[in-house]
2 protein chains.
Amino acid sequence: MLGEPVRDRRAERHAATRAEILEAAWEQVRANGLAALSLRDLARTIGMQPSSLYSYFDSKNAIYDAMYAQGAQQFVDEQKASMRTPDDPLEALKAVLRFFVNFCAADSARYQLLFQRTIPGFEPSPASFKISEDNLAELGELLARCGVSDPPMLDLFTALGTGLTDQQMSNDPGGDRWVRLIDEAVEMFYQHITNKARKPGKGRRPRS
Amino acid sequence: MLGEPVRDRRAERHAATRAEILEAAWEQVRANGLAALSLRDLARTIGMQPSSLYSYFDSKNAIYDAMYAQGAQQFVDEQKASMRTPDDPLEALKAVLRFFVNFCAADSARYQLLFQRTIPGFEPSPASFKISEDNLAELGELLARCGVSDPPMLDLFTALGTGLTDQQMSNDPGGDRWVRLIDEAVEMFYQHITNKARKPGKGRRPRS
DNA sequence: CTACAATCCGAATGATGTTAGGAGAACCGG
DNA sequence: CCGGTTCTCCTAACATCATTCGGATTGTAG
């Protein structure tokens with residue numbers, strides 16, 4: 001049989017260890033915050049010496065990059081799995097955004113890694129960023145089918161991802177619509193806190 | 001004259017140097033990101049040795065804390081200066097939120113320091129946090145005048161500050177109102193990007 | 001002038017990410 | 001089975017970071 005290429009056990013083990021490292025990294029990051037990723041702690045939980053990690057990743061930022069790629073891939077996969085895109089492009093966009101909100105709420109560390117840039121030296125490699133980019137290109141087609149050219153798609157995500165804080169919105173002609181949006185949000189939240197019965201003992205302390 | 005207490009030049013100089021350090025810290029943080037605050041670089045721009053900074057601040061986190069206090073104070077001052085609170089509490093809340101959005105958009109590093117928690121070891125001291133707390137207590141009176149008891153005020157800021165990602169919103173009875181809110185945001189932004197003429201050469205590259 | 005406290009420096013400590021060099025095992029072709 | 005290559009891991013070291021300590025200098029108060 002000339003098919004059946006020889007399996008490289010080494011490569012398998014390599015990939016397995018890489019996955020193990022990343023899993024531990026996610027755990028650490030979810031527990032202590034995105035910025036609190038220590039190679040030494042990481043190596044300890046794996047059972048290696050810190051320097052041995054460099055057999056699998058070129059640097060700490062390379063680990064962040066691999067995590068970014070994982071997160072971006074999860075974004076693409078989960079989106080395609082959960083969404084059947086409606087024919088109406090506008091409706092499809094709404095569905096994407098609802099997914100986006102839920103995705104970000106599910107894992108704040110992952111959200112921070114993907115959509116905020118809080119780690120000083122890090123930015124995703126072109127290869128990793130391409131995952132997000134390709135996905136956005138697809139969404140761009142949605143807009144293209146509506147006759148929109150050069151759609152600043154990412155602004156849309158930024159707008160809802162950063163909580164309507166984008167300066168662009170304020171400068172927007174017709175920006176008073178944003179004000180009305182905020183007003184409605186307030187009314188909504190006002191009703192929310194008025195009606196809600198707080199579960200005793202579960203009163204978490206919000207951030208600010 | 002028994003009034004006229006003796007001026008302490010040392011204390012003046014101390015306060016002046018403290019302010020100088022904080023100013024340099026803000027500069028550094030605005031330029032390179034909140035997490036990229038280096039005591040060595042800080043000392044160098046001031047013209048001191050790194051260890052000398054400890055005459056003015058107990059630790060790096062103490063510097064963060066002082067910056068937090070400054071930011072919180074700015075929040076209170078600017079809010080009171082820019083807002084005349086309407087009589088209707090709900091209208092007042094709307095005004096506060098509009099201010100909040102603008103305040104966050106003005107300085108992303110400050111926003112990150114005040115309302116996100118991205119620095120692993122840091123949380124504001126009780127004294128610094130009290131500045132925010134007192135301000136929120138005042139806003140709480142607004143709600144109290146509407147008959148709302150134990151208002152989770154901060155959730156409101158969190159909700160818009162983090163981009164509608166708060167899990168609580170999804171769990172909210174009547175949470176479909178949030179979905180409709182997102183829908184309206186999309187429609188709004190859709191029109192925004194459809195009509196907008198992009199200024200050539202100023203095409204900034206959004207984050208993800 | 002003397003005493004005291006504040007300020008700064010230089011050196012040292014422990015932690016971090018990272019690199020270099022070597023020991024041992026796993027794999028491969030003979 | 002053997003010899004060479006490659007991979008994996010380790011120990012050791014380095015640079016940088018925040019931080020601490022002890023001493024020298026300085027400025028102020030009594």
Side-chain angles (χ1 to χ4, degrees), chain A residues 2 4-22 24-25 28-29 31-68 113 118-123 125, chain B residues 2 4-22 24-25 28-29 31-68 113 118-123 125:
Chain A
L2 109 160
E4 192 72 31
V6 180
R7 275 263 157 265
D8 190 349
R9 297 276 180 80
R10 217 95 65 103
E12 281 177 21
R13 171 160 166 65
H14 183 89
T17 311
R18 260 181 76 105
E20 190 185 0
I21 292 173
L22 289 180
Q28 192 172 328
V29 146
N32 309 344
L34 180 64
L37 178 62
S38 162
L39 292 193
R40 286 180 145 80
D41 291 351
L42 206 50
R44 192 177 310 120
T45 66
I46 303 289
M48 285 197 301
Q49 291 294 327
S51 60
S52 301
L53 291 174
Y54 286 79
S55 303
Y56 302 95
F57 296 96
D58 286 343
S59 68
K60 184 183 181 180
N61 276 352
I63 296 183
Y64 276 129
D65 187 62
M67 295 169 79
Y68 179 96
L113 176 62
T118 164
I119 306 292
F122 169 72
E123 59 179 343
S125 65
Chain B
L2 112 160
E4 192 69 32
V6 180
R7 274 266 156 265
D8 189 351
R9 297 277 179 78
R10 215 96 62 104
E12 280 177 21
R13 172 162 165 65
H14 182 91
T17 313
R18 261 182 76 104
E20 191 185 359
I21 292 173
L22 288 179
Q28 192 172 328
V29 146
N32 309 344
L34 180 64
L37 178 62
S38 161
L39 292 193
R40 287 180 143 76
D41 292 350
L42 206 49
R44 193 177 307 119
T45 66
I46 304 288
M48 285 197 302
Q49 291 292 330
S51 58
S52 301
L53 291 175
Y54 286 80
S55 303
Y56 303 95
F57 295 96
D58 285 344
S59 67
K60 185 182 183 181
N61 276 352
I63 297 182
Y64 276 130
D65 187 62
M67 296 170 77
Y68 179 95
L113 176 62
T118 165
I119 306 293
F122 168 73
E123 60 177 342
S125 66

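Bear in mind the structure is a predicted one, so any value in this text is a computation, not a measurement. Protein chains get the first letters and strands the later ones, always in sequence-line order, with residue 1 at the start of each. Excluded from the calculations below are hydrogen atoms, water molecules and symmetry mates; all remaining heavy atoms, backbone and side chain alike, are included.
When side chains are defined from C-beta on, B:Phe57 counts as touching B:Leu22, because their heavy atoms get closer than 4.5 Å. At a threshold of 4.5 Å between non-hydrogen side-chain atoms, the residues A:Leu42 and A:Ile21 count as touching. Using a 4.5 Å heavy-atom threshold, the side chains of B:Leu34 and B:Tyr64 count as touching.
Enclosure of atom CD in A:Glu123 is not indicated, since only 12 or fewer non-hydrogen atoms of other residues, nucleotides or ligands lie within 6.0 angstrom.
Closest non-hydrogen pair, A:Ile119 versus A:Ala35, comes out as CD1-CA, 3.7 Å.
Summarising the geometry, the separation between CG on A:Leu42 and P on C:dA15 is reported as 18 Å, rounded to the nearest angstrom. Atoms CE (B:Met48) and P (C:dG10) sit 13 Å apart, rounded to a whole Å. Computed from coordinates, the B:Ile46 CD1 to C:dC8 C1' distance equals 14 Å when rounded to whole Å. Distance A:Gln49 CD to C:dA23 P: 17 Å, rounded to the nearest Å. To the nearest angstrom, P of C:dG17 lies 17 Å from CG of A:Asp65. Summarising the geometry, the separation between CZ on A:Phe57 and P on C:dT18 is reported as 13 Å, rounded to the nearest angstrom. Following rounding to the nearest Å, B:Leu53 (CG) and C:dC9 (P) show an atom-to-atom distance of 10 Å. Atom-to-atom, OH of B:Tyr56 to C1' of C:dA6 comes out at 9 Å; the value is rounded to the nearest Å.
Residue pairs satisfying the salt bridge (Lys or Arg N to Asp or Glu O under 4.0 Å) criterion with at least one member in residues 47-66 of chain B, sequence neighbours excluded, are absent.
Qualifying side-chain contact (heavy atoms from CB on, under 4.5 Å) partners for B:Ser55, counting only residues two or more places apart in sequence or in other chains: none. Applying the side-chain contact (heavy atoms from CB on, under 4.5 Å) test to A:Ala36 and every residue at least two apart in sequence or in another chain returns A:Asn32, B:Pro120. Applying the salt bridge (charged side-chain N to carboxylate O under 4.0 Å, His left out) rule to B:Arg44 yields the partners B:Asp41; only residues at least two apart in sequence or on another chain are considered.
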Query raised in the report: What is the per-nucleotide protein-contact pattern of nucleotides 15-20 of chain D, from the 5' end, where B denotes a base atom under 4.0 Å from a protein heavy atom, S denotes such proximity for sugar-phosphate atoms only, and - denotes neither?
Result: --BBBB
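Put simply, B:His14 has no side-chain N or O that comes within less than 4.0 Å of OP1 or OP2 on C:dA6.
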Report summary line: Given Watson-Crick and G-U pairs under 3.5 Å, DNA chain C in dot-bracket ([ ] crossing, | other strand) is |||||||||||||||||||||||||||.||
